[in-house]
Structure formats: structure tokens, C-alpha cells
Amino acid sequence: FMTKFLAENPDYGLTPTAVETELVWARKQLRQEVLWAAYGYDEMKKTVYYQAAIKSPMEKGVFASSSKGTRVELQSAPGTNSAMFTNGFHYYFITNSALNRVPVVTLYDIRGKKIRTIKDNKEVTETMDKFTLIQPEFFNFTTSEGISLNGWMIKPYDFDPSKKYP
């Protein structure tokens with residue numbers, strides 16, 4: 001998809017071959033980690049920007065990896081972080097959210113300095129705080145085939161561990 005998009009949109013200044021080469025390199029660097037999204041490649045800095053689940057499959061961060069082998073985490077807040085970069089990769093927007101938290105959008109410069117919060121969703125958070133919402137419980141387990149899986153559970157508001165539930 002990305003190759004076709006870049007070929008049809010030459011204004012982005014990236015060649016499909018350059019991006020594919022850097023993504024292959026990034027995947028090799030990530031080894032066992034999961035690459036979720038590729039945001040782009042800065043030709044001048046020889047750096048690829050991407051989203052990956054490096055710490056845990058339940059945490060997605062935004063990273064920059066140079067062709068020299070260095071990796072920098074641009075956003076490490078708990079939950080899911082996604083990014084949108086400006087042309088030239090001078091600034092980026094991070095959207096951070098979690099299962100129990102509304103999204104917050106923040107603008108950073110490429111050095112990681114916070115410029116300002118664009119959308120904090122304070123009103124939504126205050127409205128949600130008025131309700132008794134049950135927080136999800138995260139857990140992991142191993143299947144009979146030896147595969148480790150993550151999950152989450154929301155119990156009823158009046159949950160009683162001494163009772164038997166279906």
C-alpha cells in the first residue's frame with residue numbers, strides 16, 4: 001500500500017524504494033518487536049519514524065531509528081501512542097490514549113520538546129468522572145499450546161468474588 005501511495009503522490013519527496021529499504025532495516029532492528037505503523041523516512045537524517053510495541057504488546061510507542069543503528073523513543077507515555085509528522089519532520093503530533101483514558105493530542109518539536117497540548121479532552125474526562133465506570137483488569141495467560149496471550153476483563157459493578165458466575 002505504501003509503495004503505491006508514494007508512487008501516486010510524488011509531493012512527499014520519498015521514493016518507494018528508499019522507504020521500503022528503511023522499513024526492512026527497521027524490521028531487522030526491531031527483531032521480535034512488533035512494527036505497527038511506518039510514518040515516514042527523513043532522507044537528510046537517514047531516519048525512519050514508526051510505531052511499535054517494544055515494551056509490551058499492550059503498549060505502543062513512537063520511535064525514530066537512524067541508519068547508524070540508534071533508536072530513540074519519541075513518546076513513552078503508557079497506553080497507545082500514535083504520531084503525525086509535519087513535512088520535513090520538524091514537528092510531530094502525538095495522540096496518547098488507553099482503554100481507560102480519553103485521547104490527548106500534543107505537539108512536539110523533533111528534539112522531543114513539548115510545544116503545547118492541542119486537545120486535552122478535559123471536558124470528556126470530567127464528564128466521565130461523574131459516572132462510576134468499572135476499570136478493566138489486564139491479565140495474561142498461556143494456552144495449552146504454550147502461546148502467551150494478553151487479555152482484559154471488566155467485572156460487574158457489584159461483583160462479589162464469593163458468588164459463582166456463569
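All values below come from the heavy atoms of this structure, side chains included, with hydrogens, waters and symmetry mates left out. Counting begins at 1 with the first residue of the sequence. Keep in mind that this is a model prediction, so the values were computed, not measured.
Following chains of ILVMFWY side-chain contacts shorter than 4.5 Å, one cannot reach Leu133 starting from Met153, and the two form parts of different hydrophobic clusters. Hydrophobic clustering places Tyr157 together with Ile154 (ILVMFWY residues linked when any side-chain heavy atoms are closer than 4.5 Å, directly or through intermediates). Grouping the Ile, Leu, Val, Met, Phe, Trp and Tyr side chains by contacts below 4.5 angstrom, directly or via other members, places Leu99 with Met58.
In this structure, the separation between OG1 on Thr86 and CD1 on Ile110 is 7.5 Å, given to the nearest 0.5 Å. Within the model, atoms OG1 of Thr125 and CG of Asp120 stand 7.5 Å from one another, a figure rounded to the nearest 0.5 Å. Taking OG of Ser82 as the start and NZ of Lys60 as the end, the distance is 9.0 Å to the nearest 0.5 Å. Note that CG of Asn150 and CG of Asn140 are 5.5 Å apart. Values are rounded to the nearest 0.5 Å. Interatomic distance, CE of Met128 versus CZ of Arg101, reported as 11.0 Å (0.5 Å rounding). For the atom pair OG1 (Thr142) and CD1 (Ile147), the distance works out to 9.5 Å, reported to the nearest 0.5 Å.
Here the closest non-hydrogen pair linking Pro136 and Asn100 is CD-CB, 4.1 Å. For the residue pair Leu74 and Tyr92, the shortest heavy atom distance occurs at O-OH, 3.5 Å. Shortest non-hydrogen contact noted between Ser97 and Pro103 is CB-CA, 3.8 Å.
Side-chain atoms of Thr47 never come within 3.5 Å of backbone atoms of Ala64 as a donor-acceptor pair (strictly under, hydrogens ignored). Although no hydrogens or angles enter the test, the distance criterion places no donor-acceptor pair under 3.5 Å between the side chain of Gln51 and the main chain of Val62. With Asp42 contributing its side chain and Lys45 its backbone, the two residues share a donor-acceptor pair below 3.5 Å.
Residues satisfying the side-chain contact (heavy atoms from CB on, under 4.5 Å) criterion with Val105, sequence neighbours excluded, are Phe93, Thr95, Ile118, Lys119. Taking the side-chain contact (heavy atoms from CB on, under 4.5 Å) definition, one finds that Asp158 meets it with Pro156, sequence neighbours left out.
Judged as a salt bridge (charged side-chain N to carboxylate O under 4.0 Å, His left out), the pairs with a partner in residues 106-118 (not counting sequence neighbours) are, in order, Asp109-Arg111.
Donor-acceptor pairing under 3.5 Å is recorded for the side chains of Tyr108 and Gln75.
The local environment of CE in Met44 is sparse, with at most 12 non-hydrogen atoms from other residues, nucleotides or ligands closer than 6.0 Å. Within 6.0 Å of atom OH in Tyr165, more than 12 heavy atoms from other residues, nucleotides or ligands are found, so the atom counts as buried in its surroundings.
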- [ ] Determine, step by step, whether Thr117 and Val104 satisfy the side-chain contact (heavy atoms from CB on, under 4.5 Å) criterion, reporting the C-alpha distance in whole Å, the side-chain angles of both residues, the deciding distance to 0.1 Å, and the verdict.
- [x] CA-CA 8 Å; Thr117 299; Val104 174; 4.1 Å; yes
- [ ] Might you work through the side-chain contact (heavy atoms from CB on, under 4.5 Å) test for Ile54 and Glu73, ending with a clear yes or no?
- [x] CA-CA 10 Å; Ile54 292 177; Glu73 188 169 13; over 6 Å; no
Open item on the list: Apply side-chain contact (heavy atoms from CB on, under 4.5 Å) to residues Tyr41 and Lys46 and explain how you reach the verdict.
Closed with: CA-CA 7 Å; Tyr41 176 67; Lys46 305 288 188 217; 3.1 Å; yes
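The distance between the ring centers of Phe89 and Tyr39 does not fall below 6.0 angstrom.
Under the 30°/60° scheme for interplanar angles, the aromatic rings of Phe85 and Tyr49 are found to be tilted.
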